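Here the structure is laid out as structure tokens; the discussion comes afterwards.
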Number of protein chains: 2
Amino acid sequence: MKNNNVTIHDISKALEIDSSTVSRALNNSPRVSQKTKDKIISKANELGYQRNSLASKLRTNKTHSIGVIVPRISRHFFSSAIAGIEETAYDAGYDVIICQSLDDYEREKKLMNTMLSNRVDGVLISISMKTTEHDHFKEYQKQGLPILFFDRPCALANSTNVIIDDFKIGKEVTEHLIEQGCKDIVHFSGPQTSQLYQQRTKGFKAALEKHQLPFREEYVFESSLMKEDGIEMAKKILALPKVDGVVSSNDTSAISAMQHLKENGIRIPQDIAFVGFSNEPVSAVFEPSLTTVKQPDFEMGKIAASLLFEQIKSEGNLRINQTKILEPELIIRNSSRKKS
Amino acid sequence: MKNNNVTIHDISKALEIDSSTVSRALNNSPRVSQKTKDKIISKANELGYQRNSLASKLRTNKTHSIGVIVPRISRHFFSSAIAGIEETAYDAGYDVIICQSLDDYEREKKLMNTMLSNRVDGVLISISMKTTEHDHFKEYQKQGLPILFFDRPCALANSTNVIIDDFKIGKEVTEHLIEQGCKDIVHFSGPQTSQLYQQRTKGFKAALEKHQLPFREEYVFESSLMKEDGIEMAKKILALPKVDGVVSSNDTSAISAMQHLKENGIRIPQDIAFVGFSNEPVSAVFEPSLTTVKQPDFEMGKIAASLLFEQIKSEGNLRINQTKILEPELIIRNSSRKKS
DNA sequence: TTTAAAAATACAATCGATTGTATTTTGTTT
DNA sequence: AAACAAAATACAATCGATTGTATTTTTAAA
């Protein structure tokens, strides 16, 4: 099976028109007359011409593509954010290269290199939970390319963050439980290496303090917030003297914990009230339905992408050290309704 | 912010070594002495050299990247399949370009063009439900590139399909309900333009016939199987004289239908038993937990990718008109357990 | 018709890496 | 030290499209 790619030179030869004119015609340049444009375009169709974007990108040094790196595309939040990114990119005429870091630092590093060697025009990234060091981003920035962090903030200089106020919402959900009468609240935290989880935990603490409730280290469980972690944490709860509420940093672990607790005769929300985080589809359907925080996922993708395009277009003449904070929404469902 | 990409020519100048030697050194060619290789590599690191893969790909006409097109990455089945594809690709040293067709034919067509102009080495695709015409695939094949369909088969000549036997499993799930004592079974079908749904429906029909149950057109609902469709279909069920079972072609619509029916006092599985399809995470957590079919998602991705790589390597000297059939697994849960 | 201006097209260099061929350097053998 | 093979390196063309400059053709004005 031979490689029968048609090039502008084939068109050029077939019509005896210089390839530069062919190129201009195909790019609808005003320097080519309509008559020749028509001839060239119809010949291009006839031969099944497909522009070689590699060549084009090489020459122009503009790839019209951006890279997106997320921990996992299977997470509802990320796939929605990606949908938002794609919509914006599509309108702007950009291709999107989607990659998963699987929350692995080495992989994230390798992906940043792939981005560089594919000469994307910019990168949108939600960094891996294990990333504590930023050299791979600095390396990338050295090439003069913009990088923008969304959802999971990064304290890298000259970069933009699009996030929600995790402190504020962490405090808010905790206060919601307190209002429902909870006094002994456990907190499921993600890795404290991540700013995001740090902030949520701080918010949790702040809410307790505000309402003169004690903050106890042994009531804070740190984990990767996976399904299995939820079960482990449920067991820990059963071992604690008194628990009447749980503030979880995600839905996944909250639900598996609830499931385990239910199996052990705990009633939710009567005995223990729960709030999660992320509004995974499953949280609406679980019984009891899980109170959670809906992050503006799709919207965040759109905003992050358009900010990145702004930066790409400005070619570095823009103040890029900014943080955009979006508003999440607390969705109150049955898992936290102690009072009616 | 200037573009300070380092090229092999920069290294070449700095060391006064010809760029061809630099290139060979960086590719670890045996034609370059170890001594110069060392010199070149250390200089490359010093300057922060990053290979420009665009140039490389252009020259070699091998991109070492494949395209993946799926309807939506947010669907659990697809994100798992993609994980499998990525794992295999990663091992084979290939980049993966992931795109969503959003089940839109025009978009799919455009994406195939993007694939072509980005000169991918091959494409893995699960076609959009709205695709009935295959010219965009033929156009692609003309360039001598391999295309492989997974999950949703396509009757295109010279192409490989990696699928499950939808007829067989469609029959199997229906028989499962019949064994549980169901006699008046409704079928939620997807668009009959898709071979996949056609086959499942045929399997449904075959099971009824085998057990001498009547097949009634009015017991088959065709829709896009979205959440809202599930609610609509639940309403239709309530309007039917007698229904004691539902065979749904996906979980999403099954669950929203069950939810609506529960709200209307129908007990599941006692009054109506349900089986779904896809094993979405939510189906294990819903109450009652939903009997469903687990497709070998991750595995399917791995197999599809490795078949594609075989074809890429063989450069067309391979019989490619094959169909690989994988075995799905019926997961029996509470939604269909009438007998214990 | 001549001539200048404008429009259309052609020429040629370039993006960065690769690779077949040519040349130089090194090493071995007598 | 000469002669030759082998090893290492240099030269130069190439992938396909783009783009600044030069040239030709067309149009319009004098």
Side-chain angles (χ1 to χ4, degrees), chain A residues 2-41 43-44 47-65 113 116-121 143-144, chain B residues 2-41 43-44 47-65 113 116-121 143-144:
Chain A
K2 68 196 166 304
N3 164 26
N4 48 0
N5 285 337
V6 179
T7 74
I8 53 170
H9 302 290
D10 297 323
I11 300 174
S12 163
K13 262 177 232 151
L15 295 173
E16 293 186 303
I17 293 177
D18 189 80
S19 58
S20 64
T21 304
V22 174
S23 169
R24 288 193 167 94
L26 294 171
N27 287 305
N28 200 24
S29 154
R31 279 177 59 174
V32 180
S33 70
Q34 194 54 52
K35 215 174 98 193
T36 27
K37 272 185 195 170
D38 292 343
K39 252 199 293 189
I40 288 169
I41 288 167
K43 180 59 88 178
L47 298 179
Y49 170 79
Q50 274 289 344
R51 158 194 274 104
N52 184 328
S53 8
L54 296 173
S56 165
K57 289 168 179 177
L58 172 61
R59 180 60 228 262
T60 58
N61 204 30
K62 275 277 159 209
T63 58
H64 282 279
S65 64
N113 274 330
L116 272 179
S117 83
N118 280 300
R119 298 292 192 271
V120 295
D121 294 341
Q143 310 300 128
Chain B
K2 68 194 166 306
N3 165 27
N4 48 0
N5 285 337
V6 179
T7 74
I8 52 170
H9 302 290
D10 298 323
I11 301 175
S12 163
K13 262 177 232 150
L15 296 173
E16 292 187 304
I17 293 178
D18 190 81
S19 59
S20 63
T21 302
V22 175
S23 168
R24 287 194 168 95
L26 293 171
N27 287 305
N28 201 23
S29 153
R31 280 176 59 174
V32 181
S33 71
Q34 193 55 51
K35 215 175 95 193
T36 28
K37 271 184 195 171
D38 292 344
K39 252 198 297 188
I40 288 170
I41 289 167
K43 180 59 87 178
L47 298 178
Y49 171 79
Q50 274 289 346
R51 158 194 273 106
N52 184 328
S53 14
L54 296 173
S56 167
K57 289 170 179 177
L58 172 61
R59 180 59 228 262
T60 58
N61 205 30
K62 275 277 160 208
T63 57
H64 282 278
S65 66
N113 274 330
L116 271 178
S117 83
N118 280 300
R119 298 295 192 269
V120 295
D121 293 341
Q143 311 298 129

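Values below: all heavy atoms of this structure, side chains included; hydrogens, waters and symmetry mates excluded. Source: prediction; values computed, not measured. Quick note on labels: first sequence line is chain A, next is B, and so on, each numbered from 1.
Here the side chain of B:Asn52 is nearest to one of D:dA12, C:dA17, D:dA17, namely C:dA17. The side chain of A:Leu58 sits closest to D:dG16 out of C:dA12, D:dG16, C:dA17. Picking from C:dC11, C:dA17, D:dG16 the nucleotide with the shortest atom distance to the side chain of A:Ala55 gives D:dG16.
Taking both residues in full, the closest heavy atoms of A:Arg119 and B:Gln50 are given as NH2-O, 3.2 Å, listed atom of the first, atom of the second, then distance. When every heavy atom of A:Ile40 is checked against every heavy atom of A:Thr21, the shortest pair comes out as CD1-O, 4.1 Å. Closest non-hydrogen pair, B:Leu26 versus B:Tyr49, comes out as CD1-CE2, 3.6 Å. Closest non-hydrogen pair, B:Gly48 versus A:Gln143, comes out as O-OE1, 4.1 Å. Between A:Ser33 and A:Thr36, the shortest heavy-atom contact is OG-OG1, 2.6 Å.
For A:Asp10, the side chain to side chain donor-acceptor pair (under 3.5 Å) test picks out no residue, with sequence neighbours left out. Here A:Lys37 pairs with nothing under the salt bridge (charged side-chain N to carboxylate O under 4.0 Å, His left out) rule; sequence neighbours left out.
With A:Asn27 contributing its side chain and A:Ser29 its backbone, the two residues share no donor-acceptor pair below 3.5 Å. Checking side-chain atoms of B:Ser117 against main-chain N and O of A:Ser53 turns up no donor-acceptor pair under 3.5 Å.
Going from atom CG of A:Leu15 over to atom P of C:dA8 covers 18 Å, rounded to whole Å.
Contact between the side-chain N/O atoms of A:Thr21 and the OP1/OP2 oxygens of C:dA10 is found at a separation under 4.0 Å.
Near DNA chain D, defined here as any heavy-atom distance below 4.0 Å, the residues from residues 31-39 of chain B are B:Arg31, B:Val32, B:Ser33, B:Thr36, listed numerically.
Residue contacts shown for B:Thr7 are limited to sugar-phosphate atoms, with no base heavy atom under 4.0 Å away. Across all strands, A:Arg24 comes closer than 4.0 Å to base atoms (heavy-atom distances). Across all strands shown, B:Ile17 has heavy atoms under 4.0 Å from sugar-phosphate atoms exclusively, and none from any base. Backbone-only engagement by B:Ser56 is indicated by non-hydrogen atom pairs under 4.0 Å involving sugar-phosphate atoms exclusively. Counting any heavy atom pair closer than 4.0 Å across all strands shown, B:Thr60 reaches sugar-phosphate atoms only and no base atom.
For B:Lys57 and B:Asn52, the side-chain atoms include no donor-acceptor pair closer than 3.5 Å.
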Bracket string, DNA chain D, 5' to 3' - pairs by Watson-Crick or G-U geometry under 3.5 Å, | interstrand: ||||||||||||||||||||||||||||||

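Annotation: side chain to side chain donor-acceptor pair (under 3.5 Å) contacts involving residues 11-20 of chain A, sequence neighbours excluded, comprise A:Asp18-A:Ser20.
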Pick out the pairs of N or O atoms, protein on one side and nucleotides 23-29 of chain D on the other, that lie under 3.5 Å.
none

